[in-house]
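The structure is given below, and queries will be raised subsequently.
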Amino acid sequence: MKALVLSAGVRPAGYSLPRHIVPIANKPVLEYVVENLRDVGITEIGIVVGTGGQEISELFGDGSYLGVSITYIQQDVPLGLAHCVRIARPFLGDDDFVMYLGDNVLADGIGQIADEFARLRPSAQVLVDKVEDPRLYGVAEVDENSRVTRLIEHPQEPRSDLAMIGVYFFTPAIHAAVDAIEPSWRGEFEITDALQWLVTHSGDVRARVYSGFWKDTGRVEDVLECNRELLMGLRTDIQGIVDSESRLIGEVVVEEGARVVRSCIVGPAIIGAGTLVEESIVGPYTSIGADCRITESGVADSIVLNEASVHNVSGIETSLIGRRARVGSARQHRLVVGDGAHVELAA
């Protein structure tokens, strides 16, 4: 079995970094995706990339450091998920494959659905979950045996609350389906339409409800929620230097080359390699990237990306601070600061 990972989407507002490689708990979102695939024995991975493809390929290379082989597939125009399957056909051949949206975090992996697909081998199997507003998703209607009877993209009057959440298992039967469909009202080749074509033509399409934590990381608040969830699995590991005047409370990771000086770190929290935390308080659910400077400040429930600096800020909470950004102030703030920004906030 192969994997097709879709990573040709948009960037977060104000950031030059593709959202698929925004670090969560100091690890790019795409790395969690690749690890989930590797953990179910899939090592041949095609990554569909768009304008951010060079940054993704520079980060992951050929995938060997993660124990996989990565092939990059360029999508010049974003024409939908089914279009990704079309352009990836030379890579996929006639193998079964899993299609995985590269900005989705599934904290408990995909082992159960992979096992079920291997055992039953339906034409297609989709991962679903109950959502509050199905109108925002592709929605599956299923019978009592978990067979899909109807699928519809962004329904205005949904008859089901089961949304497809970004992981699809396919046999080669999907290729005839994606070749048969026309663009939707959005001008895209919808994977939902291809799945519906299979249903209409007597294909066996099944749904499995995901029982673990999952999140699409398209919004800042979703990124922060994922950060909290993944940090809860942290175990204390001190590779850097923590001086005698500092305190570590709870599960804290201090990476190699990091220094904690006259500060308090309350876990779960991670301090990236080469970072200095001095005369500061880092609260729980915080990820500080590599080569940052946090001085005379307080940061909690936040993500600070590589090479950023925060100085003389009494409290930053539920914030995302971009790469090489500089923030200085003397009062509390909730911030989203883009890459390279310099922010001095009035007291």
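Counting begins at 1 with the first residue of the sequence.
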- request: Give the C-alpha distance, both sets of side-chain angles, the deciding distance and a yes or no for side chain to side chain contact (heavy atoms under 4.5 Å, CB included) between Val98 and Leu37.
  value: CA-CA 9 Å; Val98 55; Leu37 293 167; 3.5 Å; yes
- request: Kindly check if the number of other-residue, nucleotide or ligand heavy atoms within 6.0 Å of CZ (Arg135) is above 12?
  value: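 No, because the 6.0 Å sphere around CZ of Arg135 holds 12 heavy atoms or fewer from other groups.
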field: Atom CD1 of Ile238: over 12 foreign heavy atoms under 6.0 Å
entry: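 It does: Ile238 CD1 has more than 12 such atoms within range.
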message: One pair to check against salt bridge (Lys or Arg N to Asp or Glu O under 4.0 Å): Arg159 and Glu141. What are the steps and the verdict?
response: CA-CA 7 Å; Arg159 299 190 299 186; Glu141 298 172 17; 3.2 Å; yes
query: Got a second to check how far Thr286's OG1 is from Ile281's CD1, nearest 0.5 Å?
result: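 It comes to 11.5 Å.
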message: Between Glu190 and Ser184, is there a side-chain donor-acceptor contact under 3.5 Å, judged purely by atom types and distance?
response: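 Yes.
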query: Are Val253 and Ile271 connected, step by step, through hydrophobic side chains (Ile, Leu, Val, Met, Phe, Trp, Tyr) whose heavy atoms are closer than 4.5 Å?
result: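 They do not share one cluster, since no chain of ILVMFWY contacts under 4.5 Å joins Val253 to Ile271.
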field: Residue pair Leu106 / Asn36: nearest heavy atoms and the distance that separates them
entry: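 Closest approach of Leu106 to Asn36: O-ND2, 3.1 Å.
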task: Check whether any side-chain N or O of Asn306 sits under 3.5 Å from a backbone N or O of Ala290 as a donor-acceptor pair, and report yes or no.
output: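 Yes, because the side chain of Asn306 sits within donor-acceptor range (under 3.5 Å) of the backbone of Ala290.
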- prompt: Minimum heavy-atom separation for Ala177 to Leu198, with atom names?
  reply: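 Reported closest heavy-atom pair: CB-CG, 4.0 Å.
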message: If hydrophobic clusters are built from ILVMFWY residues whose side chains come within less than 4.5 Å, do Ile56 and Tyr65 share one?
response: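 Yes.
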Student check: side-chain heavy atoms of Ile73 and Ile47 closer than 4.5 Å: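 Of all side-chain heavy-atom pairs linking Ile47 with Ile73, none is under 4.5 Å.
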- prompt: Are Gln196 and Arg150 linked by a side-chain donor-acceptor pair shorter than 3.5 Å?
  reply: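 No, no side-chain donor-acceptor pair sits under 3.5 Å.
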task: Using a strict 4.0 Å threshold on nitrogen-to-oxygen distance, state whether Arg259 and Glu278 make a salt bridge.
output: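 Looking at Glu278 together with Arg259, the answer is no, because their closest N to O distance does not fall below 4.0 Å.
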field: side-chain hydrogen bond (donor to acceptor under 3.5 Å, both in side chains) partner of Asp129, the single match among Tyr210, Tyr137, Trp214
entry: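 For Asp129, the side-chain hydrogen bond (donor to acceptor under 3.5 Å, both in side chains) test succeeds with only one of Tyr210, Tyr137, Trp214, which is Trp214.
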- request: If you link ILVMFWY side chains whenever their heavy atoms are less than 4.5 Å apart, which other residues fall into the same cluster as Ile249? By chain and number, please.
  value: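 So far as hydrophobic clustering goes, Ile249 is joined with Val266.
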message: Could you check whether any side-chain heavy atom of Phe170 comes within less than 4.5 Å of a side-chain heavy atom of Leu92, counting everything from C-beta outward?
response: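 Contact flag for Phe170/Leu92 side chains = no.
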- request: Flag yes if Phe91 and Ile174 sit in one hydrophobic cluster, no otherwise; membership is Ile, Leu, Val, Met, Phe, Trp, Tyr, and two members link when side-chain heavy atoms are under 4.5 Å apart.
  value: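 The answer is yes; both residues are in one hydrophobic cluster.
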message: Can you list, by chain and residue number, the hydrophobic cluster partners of Leu276 when the side-chain cut-off is 4.5 Å?
response: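 Listed partners: Val261.
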task: Check Ile265, Val277, Val254 against Val242 for a side chain to side chain contact (heavy atoms under 4.5 Å, CB included) and give me the one that passes.
output: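 Single pass found, and it is Val254.
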message: When you measure from the side chain of Gln74 to the backbone of Gly50, do you find a donor-acceptor pair of N or O atoms at a distance under 3.5 Å?
response: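 Yes, because the side chain of Gln74 sits within donor-acceptor range (under 3.5 Å) of the backbone of Gly50.
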message: Determine whether Met232 and Tyr285 satisfy the following criterion, side chain to side chain contact (heavy atoms under 4.5 Å, CB included), listing intermediate values before the conclusion.
response: CA-CA 8 Å; Met232 284 194 288; Tyr285 305 110; 3.7 Å; yes
- prompt: Say you draw a straight line from CG of Asn26 to CG of Leu305; how long is it, rounded to the nearest 0.5 Å?
  reply: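 Spacing of CG (Asn26) from CG (Leu305) equals 8.5 Å.
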query: Any luck finding a side-chain donor-acceptor pair between Glu251 and Thr236 under 3.5 Å?
result: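 A donor-acceptor contact under 3.5 Å links the two side chains.
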- prompt: Are any of the side-chain nitrogens in Arg89 or Asp94 under 4.0 Å away from the carboxylate oxygens of its partner?
  reply: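 Answer for the salt bridge query: yes.
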task: Taking all non-hydrogen atoms of both residues into account, name the closest pair between Leu231 and Ala25 and its distance.
output: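 Closest approach of Leu231 to Ala25: CD2-CB, 3.8 Å.
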- request: State the CG-NE2 distance between Leu136 and His154, to the nearest 0.5 angstrom.
  value: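 The distance works out to 6.5 Å.
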Evaluation steps, side chain to side chain contact (heavy atoms under 4.5 Å, CB included), between Arg293 and His311: CA-CA 8 Å; Arg293 295 292 180 269; His311 175 68; over 6 Å; no
message: Using the rule given for side chain to side chain contact (heavy atoms under 4.5 Å, CB included), can you reason through Leu195 versus Val126, listing the C-alpha separation, both sets of side-chain angles and the distance that settles it, and then say yes or no?
response: CA-CA 9 Å; Leu195 287 162; Val126 299; 3.8 Å; yes
message: I'd like to check Lys215 versus Asn104 (side-chain heavy atoms, cut-off strictly below 4.5 Å). Are they in contact?
response: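 No, side chains not in contact.
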query: Under 4.5 Å between side-chain heavy atoms, hopping through other hydrophobics if needed: is there a path connecting Leu66 to Met1?
result: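 Yes: a chain of side-chain contacts under 4.5 Å links Leu66 to Met1.
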message: I'd like to know if the side chain of Arg86 reaches the main chain of Val178, judged simply by a donor and an acceptor atom lying under 3.5 Å from each other, with no hydrogens or angles considered.
response: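 At least one qualifying donor-acceptor pair exists.
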- prompt: Taking NZ, NE, NH1 and NH2 as the nitrogens, is one of them in Asp96 or Arg121 under 4.0 Å from a carboxylate oxygen of the other?
  reply: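 Between Arg121 and Asp96 there is a salt bridge, with a charged N closer than 4.0 Å to a carboxylate O.
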query: Do the charged groups of Arg235 and Asp237 touch, with an N to O distance under 4.0 Å?
result: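 Asp237 and Arg235: not salt-bridged.
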message: Can you see whether His83 engages Gln75 through a side-chain donor-acceptor pair at a distance of less than 3.5 angstrom?
response: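 Distance-only check passes for His83 and Gln75.
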message: Using a 6.0 Å cut-off, check whether atom CD of Glu35 has over 12 heavy atoms from anything other than its own residue.
response: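 Yes, the 6.0 Å shell around CD holds more than 12 heavy atoms from other groups.
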field: Pairwise distance CD(Glu296) to OG(Ser263) - rounded to 0.5 angstrom
entry: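 Output value for this atom pair is 10.0 Å.
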- prompt: Are the side chains of Ile191 and Tyr168 in touch, meaning some heavy atoms are under 4.5 Å apart?
  reply: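 When only atoms from C-beta onward are counted, Tyr168 and Ile191 do touch, with a gap below 4.5 Å.
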Main-chain N/O of Ile294 paired with Ser280 side-chain donor or acceptor, under 3.5 Å: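 Confirmed, Ser280 side chain pairs with Ile294 backbone.
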- prompt: Are Leu30 and Val40 co-members of a hydrophobic cluster defined by side-chain heavy atoms under 4.5 Å apart?
  reply: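 Yes: a chain of side-chain contacts under 4.5 Å links Val40 to Leu30.
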- prompt: Would you say the side-chain atoms of Thr318 and Asp301 include a donor-acceptor pair closer than 3.5 Å?
  reply: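 Asp301 and Thr318 do not have a side-chain donor-acceptor pair below 3.5 Å.
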- request: With the side chain counted from C-beta on, respond yes when Val128 and Val139 share a heavy-atom pair under 4.5 Å apart, and no when they do not.
  value: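 No, too far: nothing below the 4.5 Å cut-off.
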message: Taking NZ in Lys130 as the centre, count heavy atoms belonging to other residues, nucleotides or ligands within less than 6.0 Å. Is the count above 12?
response: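 Incorrect, the count does not exceed 12.
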task: Starting at CD1 of Ile270, measure out to CD1 of Ile303 and round the result to the nearest 0.5 Å.
output: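 Nearest 0.5 Å value for the CD1-CD1 distance: 11.0 Å.
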- prompt: With a 3.5 Å cut-off and no angle check, do the side chains of Gln54 and Glu58 form a donor-acceptor pair?
  reply: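 A donor-acceptor contact under 3.5 Å links the two side chains.
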- prompt: With a 4.0 Å cut-off, would you call Arg262 and Glu279 a salt bridge?
  reply: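 Answer for the salt bridge query: yes.
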task: Heavy atoms only: give me the nearest Ala300-Gly283 pair and the separation to one decimal.
output: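 Closest approach of Ala300 to Gly283, heavy atoms only: CB-CA, 3.8 Å.
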message: Could you check whether any side-chain heavy atom of Ile316 comes within less than 4.5 Å of a side-chain heavy atom of Val310, counting everything from C-beta outward?
response: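 Side-chain contact under 4.5 Å: yes.
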- prompt: Do you know the tightest heavy-atom contact between Glu317 and Ser302?
  reply: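 Heavy atoms only, the tightest pair is C-OG, 3.6 Å.
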task: Quick one: do Glu153 and Thr192 satisfy side chain to side chain donor-acceptor pair (under 3.5 Å)? Show the steps, please.
output: CA-CA 6 Å; Glu153 190 70 33; Thr192 309; 2.3 Å; yes
Within-4.5 Å side-chain heavy-atom neighbours: Val22 and Pro28: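 No - every pair of side-chain heavy atoms lies 4.5 Å or more apart.
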- prompt: Which atom pair, heavy atoms only, marks the closest approach of Ala140 to Ser160?
  reply: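 Scanning both residues, the minimum pair turns out to be O-OG, 2.7 Å.
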- prompt: Hey, are the side chains of Val68 and Phe60 touching, using non-hydrogen atoms and a 4.5 Å cut-off?
  reply: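 No - every pair of side-chain heavy atoms lies 4.5 Å or more apart.
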task: Take Thr217 and Asp222 through the side chain to side chain donor-acceptor pair (under 3.5 Å) test and state the conclusion after the steps.
output: CA-CA 5 Å; Thr217 58; Asp222 297 326; over 6 Å; no
field: Rounded distance (nearest 0.5 Å) linking atom CD of Glu44 with atom NZ of Lys2
entry: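 Answer for the CD-NZ pair, Glu44 versus Lys2, is 5.0 Å.
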